[in-house]
There are 2 protein chains.
Amino acid sequence: MEAHADVQPDETSTIADRVFGKLRQAIVEGNIPPGSKISEPEMAARYGISRGPLREAMRRLESANLVERRPNLGARVITLSSEQLLEIYVIREALEGLAARLAAERMSAAAIADLKALLEQHRAEIAREYWQAYFQKEGDMDFHYRIVQGSGNQRLIGILCDDLYHLARMYRCKFGMVSNRARDALKEHELIVDAIAERDGELAELMMRRHIRASRRNVERRLATETTTQHRTDS
Amino acid sequence: MEAHADVQPDETSTIADRVFGKLRQAIVEGNIPPGSKISEPEMAARYGISRGPLREAMRRLESANLVERRPNLGARVITLSSEQLLEIYVIREALEGLAARLAAERMSAAAIADLKALLEQHRAEIAREYWQAYFQKEGDMDFHYRIVQGSGNQRLIGILCDDLYHLARMYRCKFGMVSNRARDALKEHELIVDAIAERDGELAELMMRRHIRASRRNVERRLATETTTQHRTDS
DNA sequence: TCCATTGAAAGTGTCGACACTTTTATGCGA
DNA sequence: TCGCATAAAAGTGTCGACACTTTCAATGGA
């Protein structure tokens, strides 16, 4: 995990950088609830720092669209609407489709082999019924990260890994999206990797777009039932 | 001009916000040359502010990928490689294609009429040979802005208008890209608008992708001749 | 003459303090 | 009791100052 372009917890980095990473993680995981106000004195005290670096970190969170800030009123964690979640899926479909095509053209043979090994691991975990814990967490993301990295397009990697994925993860935590389609998703992942291994960029893009569209439709279904049943605990 | 989601020069905004906008403009227009170091004391003195707000502005510039910052070494304006410029075109092709499709589905009739009026204006300017000054500046961008706004996807608007367009503009200034294909571009713009007016999303996406691909190829050609002739002044 | 060392100068990272704005609480009048 | 005005409290925006790091220059030795 954390194999992507994240803020390194290096000791040489600044306080603002480190606290940015911590705050982002706290927001994405829901430890700081959506819509809640972030008080500068309170946060500075919690992390044992001054308000200067904290404000720098807040600026970066603002740029990352994780907090909304209004002058003299302070910053709040963004509120999560289902429309915005679907907006992200629409963009991911276009961008990750592109990433899959580029990956098919440029990914190294070694990276493809690693990808296949990752899928093998997923397959085993699903067979052992561990998929709940795994796919609920970061398993699916790992796969997507690698494809995007394989595209070799630095700007594309930045947009997806530094911005959209954190938002997607946040929304998933918020709505409690436990993937109930792990087996289907794995099958789709396999088709994508096969296309990449065959260096068939066109097919890889098609399959990736289809995969994300299916994922979006799954979310749409859940959102629909969520709103009709009005927070019924489906246990 | 400046009709997009920019930093409002409102008096109620903070110093950091205003100086962020000013710095971004200065960087994009080349007034602060690429690769040059940005000294905090010097910049703070130039804008007559303290280092606190300036550092907040720098953080936002960092998030916008306009400056590179390394701990204890300071910030530099990003250096411009032709590879990165082409990377942006690849992403724009995917993202603006998507925007055109969404715009065809969702744009209001009034907005489409405005778009047609804009094209009419472009046509007149090209006929009067004003196209050099116009297309060299922001005329082309105006068109693209409107399409993206018409998509209605807030996240998409943010990625393109807040990040990629500024970068594209910067690279254009850097390489002195005077569009020598204004007439071709206008023709392509007309095809896109026609498709949108017909509510043909599929065609609008196809035409937009083709338009940006043509634009990218044009840049590629110029870059190729640029590197072979080694800065020959083609006057 | 060239290189290494050392000191100063400049620059970045961080902090505490103050001014102004917003919010909350208090008290007065109807 | 309710509503409004006023004042106090909290919070944000900004600044200047200090510590540490990096850079540069001068000095001394080989």
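What you see below is based on every heavy atom in this structure, not just the backbone, and it leaves out hydrogens, waters and symmetry mates. Because the structure is predicted, anything quoted here is derived from the model rather than measured. Labels below follow one simple rule: chain letters A, B, ... track the order of the sequence lines, proteins then strands, and each chain is numbered from 1.
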- Looking only at heavy atoms, what is the nearest atom pair of A:Leu156 and B:Ile91, with distance? N-CD1, 3.4 Å
- Message: Do the side chains of B:Arg59 and B:Glu56 get close enough for a salt bridge, i.e. N-O under 4.0 angstrom?
- Response: no
- Item | B:Arg155 and B:Asp162 ion-paired at < 4.0 Å | no
- For DNA chain C, which residues in residues 48-57 of chain A have a heavy atom at a distance below 4.0 Å? A:Ile49, A:Ser50, A:Arg51, A:Pro53
- Item | Within residues 35-44 of chain A or reaching into it, pairs that qualify as side-chain hydrogen bond (donor to acceptor under 3.5 Å, both in side chains) - sequence neighbours excluded | A:Glu40-A:Arg51, A:Glu40-A:Arg55
- Does B:Arg76 have any salt bridge (Lys or Arg N to Asp or Glu O under 4.0 Å) partners at least two apart in sequence or in another chain, and if so, which? none
- Counterpart residues, side-chain contact (heavy atoms from CB on, under 4.5 Å), relative to A:Arg216 (two or more places apart): A:Leu86, A:Tyr89, A:Val90, A:Glu93, A:Arg213, A:Glu220
- The first and last nucleotides of DNA chain C lying within contact of chain A, meaning any atom under 4.0 Å from one of its heavy atoms, run from C:dG13 to C:dT23
- Would you please classify the geometry between the A:His144 ring and the A:His211 ring as parallel, tilted or perpendicular, with 30° and 60° separating the classes? parallel
- Query: Does A:Phe143 have any ring-ring contact (aromatic ring centres under 6.0 Å, His included) partners at least two apart in sequence or in another chain, and if so, which?
  - Reply: A:His189
- Query: Quick one: on DNA chain C, does A:Ala16 or A:Leu73 contact a more 5' nucleotide (nearest heavy atom)?
  - Reply: A:Ala16
